[in-house]
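Because the structure is predicted, anything quoted here is derived from the model rather than measured.
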Amino acid sequence: MREVSSAPKSVVVTMWASAVVTVAALIAVASLRGTPEGGTPPGAGPATSTTAPAPQGQLYCNTGPCKVLASQRVEGDQVELLTDKNGGNGRIRVGRDNAHSIFEVTIGQYSARLTPQSLSCVQGRLAVCLVSGEAGDTVTGELFVRGPESWERAQSAYVATAGLMNLHDVDGNGVAELVTAQSSCGSGATYCESYFLEVWSTETEQMGCTAPVSRLDRLPGYPSALAPAKSALRKC
C-alpha cells in the first residue's frame, strides 16, 4: 500500500489563512445587519448608541413599536423622544437628513414615566437636552449633549428627591447645567423643612449646592425654572 503523503506546509498555511478570512467576512456581514427592526439585541448595554442612515423599518421600544412623544429642533438637528404605549421605555433619535443617532432612554429602569413634557433642550455653545420622568415623588433624568462631532450621553441618571429638575446656564459659559431640587429629609418624607438646589455640569461634575431653605417655594426660580446664581453655590 502506498503511503499517503502529508500536504505541503505552504498549502496548510494557505488553507488556514483562507479559513480566517472566511470567518472574518461572516462576522462583518453579521455586524452590518445591525439590530432587526431598530430593536436592541439581547444582552446589549443601555448606554449604547448607533449612527447610521435613518432606519427603514419601525423602531421598537421594549416589545412594541415606538411612537413620537415629543420633538424639538436644536441647532439644525431634530431631537425626538420615542416611547412605547405606556411611556415606560423609550429612545432618543437625533440627527438631520439621512443620518441619525439613536440612544436608549435608561431612566425607565428606575420606574420613571415619560410624558410629552419629558423632553427639554437648551441651545448655546453646546446644545443640551434633558429627558426626565416622574418616579413616585422623585424625578429622574438623563442628559444628552451635542459635542463637536456628534451627540453624546452625559450620564445615565440623575435624581431630584424634591421632584423638580431643569436646565439653566448657571455659570454663564454658554452651556446649560442641570439643576435639581433636593429634600434634606430624603425621598418619601411626608413633612420636611429643608430644601436645596444641587447643580451638575454636562461633564458630570457636581458644581455645588445652595443653602437650605425651609420651604420648597423659596428655592430660586421656583416653580417654573430653577435658576440659582453661581455665587450662591457652595460645597454640597
Side-chain angles (χ1 to χ4, degrees), residues 45-47 62 69-70 72 81 83-84 86-90 92 103-122 124 126 128-145 152-173 175-236:
N62 197 16
L69 189 63
Q72 290 192 30
L81 174 60
T83 67
D84 60 11
N86 298 318
N89 293 273
I92 284 290
F103 299 87
E104 184 174 351
V105 174
T106 64
I107 59 175
Q109 63 187 306
Y110 303 98
S111 301
R113 311 306 296 178
L114 300 170
T115 71
Q117 289 72 48
S118 290
L119 176 65
S120 59
C121 299
V122 174
L126 293 177
V128 183
C129 288
L130 167 66
V131 177
S132 61
E134 294 184 0
D137 57 354
T138 69
V139 170
T140 305
E142 57 189 313
L143 297 178
F144 299 89
V145 182
E152 300 174 353
R153 184 195 306 275
Q155 185 165 305
S156 58
Y158 299 86
V159 175
T161 57
L164 294 170
M165 67 170 56
N166 60 244
L167 298 171
H168 177 69
D169 186 1
V170 175
D171 56 9
N173 69 345
V175 181
E177 284 79 37
L178 177 66
V179 185
T180 64
Q182 307 293 348
S183 165
S184 298
C185 307
S187 177
T190 56
Y191 179 75
C192 188
E193 290 186 341
S194 184
Y195 301 93
F196 63 95
L197 297 181
E198 183 180 22
V199 180
W200 294 85
S201 74
T202 56
E203 289 80 23
T204 68
E205 295 179 353
Q206 188 186 59
M207 294 178 59
C209 294
T210 61
V213 294
S214 59
R215 287 174 22 190
L216 191 61
D217 60 6
R218 290 180 178 174
L219 293 173
Y222 179 91
S224 58
L226 304 174
K230 182 181 180 182
S231 60
L233 298 181
R234 61 184 189 178
K235 187 174 180 180
C236 295

Engineer: Taking all non-hydrogen atoms of both residues, which atom of Y110 and which atom of A157 are closest, and how far apart?
Structural biologist: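 That would be CE1-CB, 3.6 Å.
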Engineer: Find the distance between OH (Y195) and OG1 (T161) and round it off to the nearest 0.5 Å.
Structural biologist: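 That separation rounds to 9.0 Å.
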Engineer: Can you check whether L143 reaches Y158 side chain to side chain, under 4.5 Å on heavy atoms?
Structural biologist: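 With C-beta onward as the side chain, the pair touches.
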Engineer: Should we say atom CD of E134 is surrounded by more than 12 heavy atoms from elsewhere, each under 6.0 Å from it?
Structural biologist: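 Incorrect, the count does not exceed 12.
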Engineer: What heavy-atom pair brings F103 and R153 nearest, and what distance separates the two atoms?
Structural biologist: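 Where F103 meets R153 most closely, the heavy atoms are CB-NH2, 3.8 Å.
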Engineer: How long is the straight-line distance from CG of L130 back to OG1 of T202, given to the nearest 0.5 Å?
Structural biologist: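 Output value for this atom pair is 12.5 Å.
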Engineer: Out of curiosity, M165 CE to W200 CH2, how far, rounded to the nearest 0.5 Å?
Structural biologist: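 Taking CE in M165 and CH2 in W200, the distance rounds to 11.0 Å.
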Engineer: Under 3.5 Å, is there a donor-acceptor pair between the side chain of E198 and the main chain of L178?
Structural biologist: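 No: the side chain of E198 does not pair with the backbone of L178.
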Engineer: Please find the pair of heavy atoms, one from S184 and one from C192, that lie closest to each other, and give the distance.
Structural biologist: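 For S184 versus C192, the nearest heavy atoms are N-SG, 4.4 Å.
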Engineer: Stepwise, does the side chain to side chain contact (heavy atoms under 4.5 Å, CB included) test hold for V128 with V175?
Structural biologist: CA-CA 7 Å; V128 183; V175 181; 4.0 Å; yes
Engineer: Identify the heavy atoms of L167 and S120 that sit nearest to each other, and give their distance.
Structural biologist: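 Heavy atoms only, the tightest pair is CD1-O, 3.7 Å.
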Engineer: E177 side chain to V170 main-chain N or O, any donor-acceptor pair under 3.5 Å?
Structural biologist: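 Flag set: sc E177 to bb V170 pair under 3.5 Å.
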Engineer: Looking at OG1 of T180 and CD of Q182, how far apart are the two atoms once the value is rounded to the nearest 0.5 Å?
Structural biologist: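 With rounding to 0.5 Å, OG1 (T180) is 4.0 Å from CD (Q182).
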Engineer: For L197 versus P220, what's the shortest heavy-atom pair and its separation?
Structural biologist: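 Heavy-atom minimum between the residues: CD1-CG, 3.7 Å.
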Engineer: Can you tell if the side chain of L81 reaches within under 4.5 Å of the side chain of I92, non-hydrogen atoms only?
Structural biologist: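 Side chain of L81 against side chain of I92, heavy atoms only: contact under 4.5 Å found.
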Engineer: For residues 225-236, tabulate all N or O donor-acceptor pairs below 3.5 Å that involve a side-chain atom, not counting sequence neighbours.
Structural biologist:
none

Engineer: Rounded to the nearest 0.5 Å, what's the gap from CG on D171 to CE on M207? Could you check?
Structural biologist: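 It is 4.0 Å, given to the nearest 0.5 Å.
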Engineer: Going through the checks in order, is the side chain to side chain contact (heavy atoms under 4.5 Å, CB included) test met by I107 and V131?
Structural biologist: CA-CA 8 Å; I107 59 175; V131 177; 4.2 Å; yes
Engineer: Under the rule for side-chain hydrogen bond (donor to acceptor under 3.5 Å, both in side chains), what residues qualify as partners of R218, not counting sequence neighbours?
Structural biologist: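 S214.
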Engineer: What's the shortest heavy-atom distance between T106 and E142, and which atoms?
Structural biologist: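 Shortest heavy-atom contact: N-OE2, 2.7 Å.
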Engineer: In Å and rounded to the nearest 0.5 Å, what is the CG to OG distance from L164 to S224?
Structural biologist: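 If we round to the nearest 0.5 Å, L164:CG and S224:OG are 10.0 Å apart.
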